[in-house]
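Have a look at the structure below, then the notes.
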Amino acid sequence: MSVVVIEKDCRGCTKCVKSCPFDAITMENKKAVIGIACTSCGTCIEVCPFDAIVKDEIEKEENDLTLYHDIWVFAEQRQGQLQDVALELLGEGKKLANARGCDLCAVVCGSNLSHIVDELFAHGAQKVYYIEDDRLNQYTTDGYSIAIGDAIEQYKPEIVLLGATHIGRDLGPCLAVNCNTGLTADCTKLEINEETKGIMQTRPAFGGNLMATIVCPNHRPQMSTVRPGVMERAERVEGSKGELIKVQTKLKDEDIRTKVLEVIKTVKEKVSLTDAKVIVSGGMGLGNAEGFKLLEKLAKAFGGTVAASRAAVDAGWIDHAYQVGQTGTTVKPNIYFACGISGAIQHVAGMQNSGLIIAINTNENAPIFDIADIGITGDLYKVIPDILEELDV
Ligand SMILES: Cc1cc2nc3c(=O)[nH]c(=O)nc-3n(C[C@H](O)[C@H](O)[C@H](O)COP(=O)(O)OP(=O)(O)OC[C@H]3O[C@@H](n4cnc5c(N)ncnc54)[C@H](O)[C@@H]3O)c2cc1C
Ligand code: SF4
Ligand code: SF4
């Protein structure tokens, strides 16, 4: 245990008992006793008015936080193409690096990636750690977690950010376990604490009904996966340069236990909701799958794409690739039409940052109207044809 009570200083005030988020403290003979549920979060240390709770010094020596510097962004590439989420992480990483007073760095794995290295510099990376190896062209859990884990051990970043994509969600926990550190998944907001300089990681919890802000005070690096589509992309400055650091990996062939036989593009990769400027989204109010044909007409008139609520996806009316919301895609189009969508919090979480929200719903009390810029109370099967007629399509 790394948090201990100095028995002679404890006055039995019980303040620490109430403060412990893990119910790890009990009172015995009017003295606080820390039990096995303690996660060493440190909350009780600050709460005790008599300085009776301290960190175990042995652990402090083992875990020297001052050795860690800089913010790293995992530059996810697929088939040699840098993924958009990496640019979003660079945008967010820059703000954090400015607040923290450290360098913004990127780490990229694979071979023949000099074009990606240039892009990372152009988008604000001051250093790029390039783990150049043919075996890393294709993502594998073993290959990436070993190669990046080695680099983390060698160069000791303070913060590591990954996109909460399928790859990032697989890699993040493996890296965190290898580095024996904390990870917060699917963050939607990141800030630097002015006092501690640690990162405050906010993510929706309990189905989006609660926003949890999580810190990692005692272990490094502090790691987060970040929800794609939420952060602003970094600006591109042509010709920006930085320091390129080629990292040697200790990876051995036999370390990689999976063999990728074939990569099949699913509809999900073809549908690009995150890039769409106009989205016409349909929910249960459509009544049936056929309703999406009408939405397609409206989307086409604006050069946009259709999307859906989870209820419409669950009803089997449309592929999951089109789902907007907390468990679907987060979108930020210029115009978002919500047609026959009630506006549940889990849906709104994925589209509330859209430029203009236009809601069409028969129920004037539907919560979607609370966030809509333009609300039309009416049957979408009457309203949309009227709009199409006005548009002359
Ligand atoms: C953990 C968790 C995660 C979730 N993740 C997501 C997610 O990612 N995305 C998501 O969307 N949901 C998600 N949900 C589900 C969410 O809570 C709602 O159930 C869902 O968004 C409701 O979809 P809806 O608005 O299409 O359907 P309903 O809530 O049934 O709303 C239908 C609306 O259509 C209106 N309507 C009916 N007929 C017409 C008509 N003819 N013209 C116009 N309006 C009409 C009704 O008034 C009603 O407001 C999640 C839920 C949980 C618990
Ligand atoms: S360090 Fe945190 S978890 Fe441990 S006893 Fe104190 S408040 Fe509870
Ligand atoms: S807050 Fe301090 S003094 Fe009060 S019970 Fe806990 S350890 Fe003892």
Side-chain angles (χ1 to χ4, degrees), residues 1-56 59 204-210 215 217-218 227 273 281-288 291 294-295 307-315 317-318 320 322-331 337-351 359-369 372 375-385:
M1 193 185 296
S2 61
V3 176
V4 289
V5 177
I6 306 169
E7 213 180 302
K8 71 175 175 53
D9 293 337
C10 174
R11 309 229 191 135
C13 73
T14 75
K15 280 198 173 148
C16 58
V17 177
K18 290 169 212 142
S19 77
C20 176
F22 303 97
D23 289 335
I25 310 180
T26 49
M27 298 302 293
E28 279 175 32
N29 301 324
K30 297 197 177 151
K31 300 280 178 191
V33 175
I34 295 177
I36 51 165
C38 173
T39 62
S40 308
C41 75
T43 306
C44 57
I45 297 177
E46 283 157 38
V47 167
C48 176
F50 309 104
D51 296 331
I53 308 182
V54 291
K55 280 217 124 205
D56 191 331
E59 166 132 335
F206 296 106
N209 292 310
L210 187 122
V215 294
N218 304 323
R227 185 177 292 192
L273 289 182
S281 197
M284 287 309 274
L286 286 177
N288 55 52
L294 180 63
L295 301 195
S309 72
R310 174 157 150 182
V313 171
D314 288 348
W317 298 346
I318 193 163
H320 175 258
Y322 293 91
Q323 183 183 314
V324 167
Q326 192 194 318
T327 44
T329 304
T330 303
V331 298
F337 285 92
C339 311
I341 291 178
S342 58
I345 184 162
Q346 297 89 352
H347 185 81
V348 168
M351 44 67 78
I360 308 169
N361 199 303
T362 43
N363 177 3
E364 62 181 293
N365 297 318
I368 193 73
F369 288 129
I376 306 169
T377 310
D379 182 347
L380 66 93
Y381 287 104
K382 295 205 181 85
V383 175
I384 295 178

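Just so you know, these numbers use all the heavy atoms, side chains as well, and skip hydrogens, waters and symmetry mates. The first residue of the sequence shown is numbered 1, and numbering continues consecutively from there. Indexing begins at 1, ligand by ligand and atom by atom, following the structure's order.
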Is I53 close enough to touch ligand 3? Criterion: a residue heavy atom under 4.0 Å from a ligand atom.
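Judged by the 4.0 Å heavy-atom criterion, I53 does count as contacting ligand 3.
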
Heavy-atom distance to [atom]: which of [options] wins?
| atom | options | answer |
| --- | --- | --- |
| atom 4 (C) of ligand 1 | R310, M351, Q326 | R310 |
| atom 42 (N) of ligand 1 | L380, I360, N365 | L380 |
| atom 32 (C) of ligand 1 | G340, S309, A359 | G340 |
| atom 17 (O) of ligand 1 | H347, M284, Q346 | Q346 |
| atom 1 (S) of ligand 2 | A37, G42, A24 | G42 |
| atom 48 (C) of ligand 1 | N361, L286, N363 | N361 |

Inter-residue atom distance [X].[atom1] - [Y].[atom2], 0.5 Å rounding:
| X | Y | atom1 | atom2 | value |
| --- | --- | --- | --- | --- |
| K15 | E46 | NZ | CD | 14.0 Å |
| K31 | T26 | NZ | OG1 | 14.0 Å |
| K30 | C10 | NZ | SG | 11.5 Å |
| K18 | I25 | NZ | CD1 | 11.5 Å |

Metal check, atom 2 (Fe) of ligand 2 vs C38 N/O/S, cut-off below 2.8 Å:
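So C38 does not count as coordinating atom 2 (Fe) of ligand 2.
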
Quick one: which ligand 2 atoms are inside 4.0 Å of a heavy atom on [X]?
| X | value |
| --- | --- |
| I25 | 5 (S) |
| V3 | 1 (S) |
| F22 | 3 (S) |

What do we get for V324 next to ligand 1 when only non-hydrogen atoms under 4.0 Å count, side chain, backbone, both or neither?
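Under 4.0 Å from ligand 1, V324 contributes backbone atoms alone.
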
For ligand 1, note which part of A344 has a heavy atom under 4.0 Å away: side chain, backbone, both or neither.
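It is the side chain that touches ligand 1; the backbone stays farther off.
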
Residue and atom name of the nearest protein heavy atom (relative to [atom]), distance in Å to one decimal:
| atom | value |
| --- | --- |
| atom 2 (Fe) of ligand 3 | C48 SG, 2.4 Å |
| atom 8 (Fe) of ligand 3 | C10 SG, 2.4 Å |
| atom 4 (Fe) of ligand 3 | C13 SG, 2.3 Å |
| atom 6 (Fe) of ligand 2 | C44 SG, 2.2 Å |
| atom 5 (S) of ligand 3 | T14 N, 3.3 Å |

For P21, which part has a heavy atom under 4.0 Å from ligand 2: side chain, backbone, both, or neither?
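The side chain, only.
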
Side-chain heavy atoms of [X] within contact of [Y], under 4.5 Å:
| X | Y | answer |
| --- | --- | --- |
| K382 | I376 | no |
| T327 | Q346 | no |
| C41 | V3 | no |
| V4 | I34 | no |

Check this for me - ligand 1, Y381, N or O atoms closer than 3.5 angstrom, yes or no?
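No, since none of the N or O atoms of Y381 sits under 3.5 Å from an N or O of ligand 1.
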
Exercise: identify the closest heavy-atom pair between [X] and [Y]:
| X | Y | result |
| --- | --- | --- |
| A308 | V313 | CB-CG2, 4.2 Å |
| C20 | A24 | SG-N, 3.2 Å |
| R11 | F50 | NH1-CE2, 3.4 Å |
| L294 | P385 | CD2-CD, 4.2 Å |
| N361 | F369 | CB-CZ, 3.7 Å |
| V324 | G350 | CG1-O, 3.7 Å |

By number and element, which atoms of ligand 3 are closer than 4.0 Å to a non-hydrogen atom of [X]?
| X | result |
| --- | --- |
| F50 | 3 (S) |
| R11 | 3 (S), 8 (Fe) |
| C16 | 1 (S), 5 (S), 6 (Fe), 7 (S) |

Just jot down the ligand 1 atoms closer than 4.0 angstrom to any heavy atom of [X], in number order.
| X | answer |
| --- | --- |
| G283 | 26 (O) |
| D379 | 40 (C), 41 (N), 42 (N) |
| G328 | 8 (O) |
| G378 | 42 (N), 43 (C) |

Give a yes/no on ligand 1: does A312 have at least one heavy atom closer than 4.0 angstrom to it?
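A312: no contact with ligand 1 (<4.0 Å).
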
So is A308 touching ligand 1 or not, going by heavy atoms under 4.0 Å?
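It does not, in that no heavy atom of A308 comes within the 4.0 Å cut-off of ligand 1.
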
Under a 3.5 Å distance rule, please check whether D379 uses its side chain to pair with a backbone N or O of Y381 as donor and acceptor.
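Present.
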
Take atom CG of N288 as the centre, draw a 6.0 Å sphere, and report whether it contains more than 12 heavy atoms from other residues, nucleotides or ligands.
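Yes, the 6.0 Å shell around CG holds more than 12 heavy atoms from other groups.
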
